[in-house]
Amino acid sequence: MERRPCYVIIPAGGSGSRMGGDVPKQMRDLCGRPVLRRTVELFASLPFNVGVIIAVSPSMRELWKQYCRRENFVFRHILVTGGLTRFHSVKNALDHVPDGASVAVHDAVRPLVSVDMLLSLFDLGMRYPAVVPVVEVPDSVRRISGSSSVTVDRAGLVTVQTPQVFHSEILKAAYCQPYDPAFTDDASVVERYGVPLHFTPGERTNIKLTFPSDIEFASRLLQAL
Ligand code: C5P
């Protein structure tokens, strides 16, 4: 089987309002390096070439460029302007990905994914049109509405991670659909387009930095890994 050229889209265009603070969460320091740098370095460390496309807001663009200049952090990447939602940010980035490629989409704020998992996902992405890492839910799950609540049967429930890896021509076609707020990730866009998803185990340590305490937790994990 011929290997598809590999790309990664890193949506980093969010404001990170749930994290709070002056600095966007993608640029928060994590054990001496900004989160976004840690994320891109993982893809740059793979033993094959991966084209990197990062979607940023106009203010993040300046912060990132200043950071790269100041720290002399030089690597080939394309910066695109992020959109109103993650969907729009990914859509803008897809303009820079050719058909016939394998494209991963990975949240900027998941800097703890392992290189082994990236290799395995890109490998599966050569065989399946849409590869999605998931982890089982270990906790009891409850839906709360006002003062009442019900237990949700957790059998078959999973949480969905990134990177998700797609055949680029399929992802690009799926992203031509009109935006729907139900599109919380790329798998949901591709599934609506009618493409079956291939699920594979994710990693419990591949956390998405969302709340202030996640930075502290991630730095402990990094030191322990
Ligand atoms: O908001 P949420 O936590 O789901 O964001 C997931 C990823 O999508 C983050 O890396 C964030 O920077 C990115 N994002 C984006 N453009 C937006 C909103 C979020 O690239 N307009």
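For reference, positions follow the sequence shown, starting with 1. Just follow the structure's listing: the first ligand is 1, and inside any ligand the first atom is 1.
Using a 4.0 Å cut-off to heavy atoms of Gln26, the atoms of ligand 1 that qualify are 12 (O). Every atom of ligand 1 with a heavy atom of Lys25 under 4.0 Å away is listed here by number and element: 3 (O). In summary, the atoms of ligand 1 found under 4.0 Å from a heavy atom of Ser89, numbered by their order in the structure, are 15 (C), 16 (N), 17 (C), 20 (O), 21 (N).
Atom NE2 of His96 is separated from atom OH of Tyr7 by 11.5 Å, given to the nearest 0.5 angstrom.
Using a 4.0 Å heavy-atom cutoff, Gly82 is absent from the residues neighbouring ligand 1.
A salt bridge links Arg33 and Glu41; the closest N-O separation between the charged side-chain nitrogens and carboxylate oxygens is under 4.0 Å.
In this pair, Phe87 and Tyr179 present their aromatic rings tilted. The plane angle is within the 30 to 60° band.
Counting heavy atoms under 4.0 Å from ligand 1, residue Lys208 touches it through the side chain alone. Within the 4.0 Å heavy-atom criterion, the part of Leu84 lying near ligand 1 is the backbone and not the side chain.
Grouping the Ile, Leu, Val, Met, Phe, Trp and Tyr side chains by contacts below 4.5 angstrom, directly or via other members, places Val8 apart from Val132.
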Going through the checks in order, is the side-chain hydrogen bond (donor to acceptor under 3.5 Å, both in side chains) test met by Asp123 and Ser120? CA-CA 5 Å; Asp123 203 38; Ser120 157; over 6 Å; no
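In this structure, Ile10 and Asp107 approach most closely via the heavy-atom pair CG2-C, 4.5 Å.
By the 3.5 Å distance cut-off applied to N or O atoms, Ala55 is not counted among the residues near ligand 1.
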